[in-house]
Number of protein chains: 2
Amino acid sequence: MVGAKIKNMEEFAAVSGISRPTVSKYFNDPESVRASTRERIEQALKTYDYRPNIYAMNQNRKLTKNIGIVVPYLADPVFAELARSLEQRCLDAGYRPTLYSSHGVQSHENDILDSLRSLKPTGVLLAALGRASDKRVIEKFCADVPTVLFDSNVEDLGLAFVGSDNPQFSNLIVDYLCRTGEPPSFFEMKSPPNPNANKRRMGYIAGMEKMGFTPQIIQAEGEGWGIEEIGLREGYKALEQGAFATNTVLCSNDRLAIGFLSACYERNLRVGRGADASIRVAGQDDHPFSRFTCPALTTIAQDYESISRETMQRLFQLIEGESQERTATFLEGKLVMRESA
Amino acid sequence: MVGAKIKNMEEFAAVSGISRPTVSKYFNDPESVRASTRERIEQALKTYDYRPNIYAMNQNRKLTKNIGIVVPYLADPVFAELARSLEQRCLDAGYRPTLYSSHGVQSHENDILDSLRSLKPTGVLLAALGRASDKRVIEKFCADVPTVLFDSNVEDLGLAFVGSDNPQFSNLIVDYLCRTGEPPSFFEMKSPPNPNANKRRMGYIAGMEKMGFTPQIIQAEGEGWGIEEIGLREGYKALEQGAFATNTVLCSNDRLAIGFLSACYERNLRVGRGADASIRVAGQDDHPFSRFTCPALTTIAQDYESISRETMQRLFQLIEGESQERTATFLEGKLVMRESA
DNA sequence: ATAAAAACTTGTCGCGCGTAAATAAATAAT
DNA sequence: ATTATTTATTTACGCGCGACAAGTTTTTAT
C-alpha cells in the first residue's frame with residue numbers, strides 16, 4: 001500500500017502496465033484474462049490500493065452482482081439463521097448480498113422491493129410476509145427481477161419456490177407423538193402471519209386421520225409477530241379452560257411453543273415425557289433456542305442448509321436463463337427428540 | 001402511471017415542463033425548489049413513473065445518503081432489535097440504511113468495512129466485535145468515514161460512542177439482589193466476545209463491596225457467540241461442583257442466563273424467589289425472550305430506544321461537522337423484576 | 001514453421017447524472 | 001413602478017466506467 005493514490009482505472013491500468021479495457025475485464029471476471037496478465041494486475045493491486053468505483057461500474061452494466069435478501073422479520077432467529085446462510089453463499093459466489101427485513105409490515109415490504117428495483121439486482125431471494133403481503137406488488141416485482149421465493153410460498157408467485165415440506169413436518173411429529181403417548185392437540189394462531197401455518201395444520205389433520213385419531217385444533221387469538229407472547233397468553237387461557245383433549249400439545253411452530261411452555265410453567269404443569277410429567281409439548285422449526293427451553297423442546301428441524309443451498313441454486317438457474325417454468329422445492333424436516341415430548 | 005416509459009432525468013424534465021438541473025435539485029432536496037415548481041414535478045411524478053438512477057446519482061456526489069449499520073452478530077436478538085430500531089430512524093431521516101453482520105468473525109468485519117468504504121456512505125453505525133476486532137482496521141476506517149460506535153466501546157476508537165452504562169447495570173441489580181436475599185455470585189464467560197462483559201464484572205465487584213460483601217466470580221470456559229450453550233454446559237458443571245457460594249447467581253448477560261436456567265432445570269433446581277425455590281438467577285440486557293424463560297428472567301433492561309436515538313443524533317452531529325472531539329454516552333438501564341430473582 | 005485462435009491495445013463513444021457559470025424570469029421590497 | 005433578491009433556465013463539462021471496433025501481439029494448434 002505504498003505508491004501514490006490511484007484515482008481511477010485509467011491510472012491503475014497505467015501503473016500495472018496493462019490497458020484499461022483489460023483491467024476492466026479482470027475486475028468483471030479475473031478468470032477471463034490470461035494468467036500472466038492476472039498476475040501483473042494482482043501484483044499492482046498489492047502495491048497500489050485501488051478499487052473500482054462501484055457506482056460507475058453499475059451505471060452501464062446490466063448485471064450488477066447485487067443480490068437482495070428479504071425476510072419478513074429479522075428479529076426472528078429462524079430468519080436470522082436463514083439470512084446468514086444465504087448471505088454467506090452469495091459472498092462465496094462473488095456477489096454482493098444486501099439484507100432487508102420487512103418487520104412484518106406490508107408497506108415496508110413494498111418499499112423494500114421498490115428500493116431494490118432501483119438497485120438493479122441480478123437476483124432477489126424473497127421470504128415474503130405471506131398473508132400480509134401485497135400479492136400484486138410481489139407478482140409485478142417477480143416479473144421484472146429474477147426472484148426466488150423461499151420459506152413462504154405465496155400463492156405460487158414467481159418462478160421458483162424453495163422451502164420446507166410443512167405437511168411432512170406435522171405428519172412426522174404427529175406420528176412420533178402418537179406412537180409414544182397420547183395423540184396431540186394442535187395449538188396454532190388463528191391468524192398466523194406466515195402461510196406455512198396452514199400447511200402444517202393440514203399435515204396435522206392428515207397425520208391424525210392416518211393414525212385413526214380425531215384431530216383437535218386450538219386456535220389462539222392475536223395478530224402479528226409477537227408469537228411467544230400470544231403462545232403464553234392464549235396457551236394459559238386454553239390450559240385454564242381445559243381446552244386440550246389429551247396431555248399432548250403440538251404447536252404450530254417453536255416460537256409459539258416457547259410461549260406455551262411459559263404458560264405451562266406458570267400453571268405449574270410439569271412438561272416432559274417422564275412419569276412425573278403431566279403434559280407433553282412439541283414444536284416445529286428447530287428454533288435456535290429450542291435446545292435451551294425448560295425442558296428442551298422436541299421439534300422438527302428445518303433443513304436450513306439445504307434450503308439455502310437449493311434457493312441459491314435455483315436463483316443461478318434463473319439468472320442463467322435455464323428452466324423458465326415454475327418450480328417448487330419442498331425439503332423434508334428431521335425429528336429432533338428432546339425432553340419436552 | 002400511464003404515459004410512455006421515462007428513460008432518464010432529461011426526458012422526465014421534458015414531460016414535467018421543468019429544466020433538468022432544477023429537477024436534479026428537487027431530487028436532492030425537494031424543499032430547495034419553489035413550492036409551485038415542486039408541485040409540478042410531483043404531479044408529473046404521479047403520471048410518469050420515473051426514479052433517478054441511483055448509480056449515476058452517487059457517482060459524482062460526495063454525500064451518498066447511504067448509512068451503514070454493522071453489528072457483530074445479527075442472530076443475537078439484542079442486536080437484531082438495535083439494528084431494527086436504527087434502520088427505522090435512518091429511513092425516517094431520508095437515508096438509505098444497509099445492514100451488515102460480522103457473524104462474530106474478524107475477517108468478516110474487516111471485509112464489511114472495506115466494502116462499506118466503496119459505498120462512500122455519509123456515515124456508519126458500528127457495533128464492533130470487540131475483543132475480536134482488528135483495532136487498526138477500525139481506527140483507519142473511523143478516520144475516513146464519520147462513524148459512531150455503539151454498544152461496544154472498543155478502546156475509545158472513533159469520534160463517538162453510545163452504549164449502556166454497564167457498571168451501573170451490575171451495580172443496580174447487585175443492590176436489588178442483596179436487599180432481597182443472599183448476595184449474588186457472578187457468572188460470566190472467561191473470554192467474552194463482547195467487551196461490555198468486563199465493565200459488568202467491575203460493576204459487580206464495586207456493587208458487592210459497597211454492600212459489604214465479598215465478590216465471587218465464576219468463569220465459564222468456551223469461546224464465541226454460542227453463549228446459551230456455554231451457559232448450559234459450564235453452568236451445569238459449576239452447579240455440580242457446588243461452585244456458587246450463595247443461592248443467588250447474577251449472569252453477565254441474558255443469553256448466558258438462558259443457558260444457565262437450562263442447567264438449573266436439568267439439575268432439578270427450582271429457580272425463583274419463592275420459599276419453594278432453591279436458587280435465584282438474574283441476567284442483564286432484557287433480551288426479547290427473557291420474558292418467556294421458565295421462570296421469567298429478572299434482568300436489567302437496556303434502553304434500546306435511547307441508544308438508537310442518541311446514536312443517530314451523534315452521527316448527524318458528526319456529519320454536520322459539529323463537535324469534533326470524542327464523546328461517549330452511557331445510558332442507564334432499568335430493573336425488570338420477574339420471577340427468577 | 002505456419003496458420004488460426006485467443007488475448008491484449010488503442011481509441012472512441014455513451015451512460016445518467018452532478019455541478020458550475022451566465023443569463024433570464026419570477027417574486028419581494030421599496 | 002422600480003429596484004433588489006430569489007429562483008429557474010440554458011449551456012456546457014466532467015465523473016469513472018462498460019462496450020465496442022479495429023488493429024497488434026501472443027499463444028496454441030497443425
Side-chain angles (χ1 to χ4, degrees), chain A residues 4-45 48-66 94 96 115 117-122, chain B residues 4-45 48-66 94 96 115 117-122:
Chain A
K5 300 275 189 293
I6 302 293
K7 244 183 37 197
N8 53 30
M9 197 180 278
E10 185 98 44
E11 286 188 19
F12 178 74
V15 298
S16 62
I18 307 284
S19 73
R20 189 178 69 78
T22 304
V23 170
S24 167
K25 208 153 168 267
Y26 167 86
F27 279 112
N28 287 326
D29 177 12
E31 298 298 312
S32 70
V33 302
R34 207 187 294 147
S36 61
T37 330
R38 190 161 55 239
E39 195 61 35
R40 290 170 68 188
I41 293 177
E42 278 161 4
Q43 197 55 46
L45 225 37
Y48 301 89
D49 173 35
Y50 164 75
R51 333 199 51 188
N53 180 313
I54 199 170
Y55 297 110
M57 274 181 60
N58 288 333
Q59 183 169 11
N60 302 319
R61 225 216 296 269
K62 38 221 139 213
L63 285 192
T64 53
K65 290 270 179 187
N66 289 331
R96 291 182 60 101
S115 129
R117 206 187 288 267
S118 66
L119 280 183
K120 300 184 203 295
T122 297
Chain B
K5 300 278 189 296
I6 302 293
K7 244 183 37 197
N8 53 30
M9 197 180 278
E10 186 97 45
E11 286 188 20
F12 178 74
V15 299
S16 62
I18 308 284
S19 73
R20 190 180 68 77
T22 304
V23 171
S24 167
K25 208 156 168 264
Y26 166 85
F27 279 111
N28 287 326
D29 177 12
E31 298 299 312
S32 70
V33 302
R34 203 189 298 148
S36 61
T37 327
R38 189 160 57 240
E39 195 61 35
R40 290 169 69 189
I41 293 177
E42 277 162 4
Q43 198 55 48
L45 225 37
Y48 302 88
D49 173 34
Y50 163 75
R51 332 198 52 187
N53 180 312
I54 199 170
Y55 298 109
M57 274 181 60
N58 288 331
Q59 183 169 9
N60 301 320
R61 224 215 297 270
K62 33 215 144 222
L63 283 192
T64 53
K65 291 271 180 184
N66 288 331
R96 291 181 59 102
S115 129
R117 205 188 289 267
S118 66
L119 279 182
K120 302 184 201 298
T122 297

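Protein chains get the first letters and strands the later ones, always in sequence-line order, with residue 1 at the start of each.
- Nucleic acid contact for A:Pro52: sugar-phosphate only, since backbone atoms but no base atoms lie under 4.0 Å from a heavy atom of the residue.
- Put simply, B:Thr37 has a side-chain N or O that comes within less than 4.0 Å of OP1 or OP2 on D:dA8.
- Atom OG of residue B:Ser19 and atom CE of residue B:Met9 lie 11.0 Å apart, to the nearest 0.5 angstrom.
- Remark: B:Leu45 CG to B:Tyr26 OH distance equals 5.5 Å, nearest 0.5 Å.
- Bounding nucleotides for the chain A contact on DNA chain C, 5' to 3', at a heavy-atom distance below 4.0 Å, are C:dA7 to C:dG16.
- Here the straight-line distance linking atom NZ of B:Lys5 with atom CD of B:Glu11 works out to 12.0 Å at 0.5 Å rounding.
- The distance from the CZ atom of A:Arg96 to the CG atom of B:Leu119 is 5.0 Å, given to the nearest 0.5 Å.
- Of all heavy-atom pairs between A:Ile54 and B:Tyr55, the closest is O-CD2, 4.5 Å.
- Looking at the side chain of A:Arg20, the nearest of the listed nucleotides D:dG16, D:dC17, D:dT9 is D:dC17.
- A:Tyr50 comes within 4.0 angstrom of the backbone, heavy atoms only, and of no base.
- Atom-to-atom, NZ of A:Lys65 to P of D:dG18 comes out at 12 Å; the value is rounded to the nearest Å.
- Atom NZ of A:Lys25 and atom C1' of D:dG16 are 20 Å apart (whole Å).
- A distance of 10.5 Å separates CD of A:Gln59 from CG of B:Asn58, quoted to the nearest 0.5 Å.
- Whole-Å rounding puts the A:Tyr26 OH to D:dC17 C1' distance at 17 Å.
- The shortest non-hydrogen separation linking A:Met57 to A:Asn28 is CE-OD1, 4.4 Å.
- Residue A:Ser24 places no side-chain N or O under 4.0 Å from the OP1 or OP2 atom of D:dC17.
- Atom CE in A:Met9 sits roughly 15 Å away from atom P in D:dC15 (whole-Å rounding).
- Between the CZ atom of A:Arg51 and the P atom of D:dG16 there is a distance of 16 Å, rounded to whole Å.
- Listed in residue order, the members of residues 53-61 of chain B having a heavy atom less than 4.0 Å from DNA chain C are B:Asn53, B:Ala56, B:Met57, B:Gln59, B:Asn60.
- Nucleotide D:dA19 holds its P atom 15 Å from the CZ atom of A:Phe27, rounded to whole Å.
- Along DNA chain D, the nucleotide closest to A:Glu10 and the one closest to A:Arg34 are compared, and the more 5′ of them pairs with A:Glu10.
- Atom-to-atom distance recorded for A:Ser24:OG and A:Asp29:CG is 11.5 Å, nearest 0.5 angstrom.
- Residue contacts for A:Thr22: at a heavy-atom cut-off of 4.0 Å it reaches a base atom on one of the strands shown.
- Few gaps surround CD on A:Glu42; more than 12 heavy atoms of other groups in view lie less than 6.0 Å from it.
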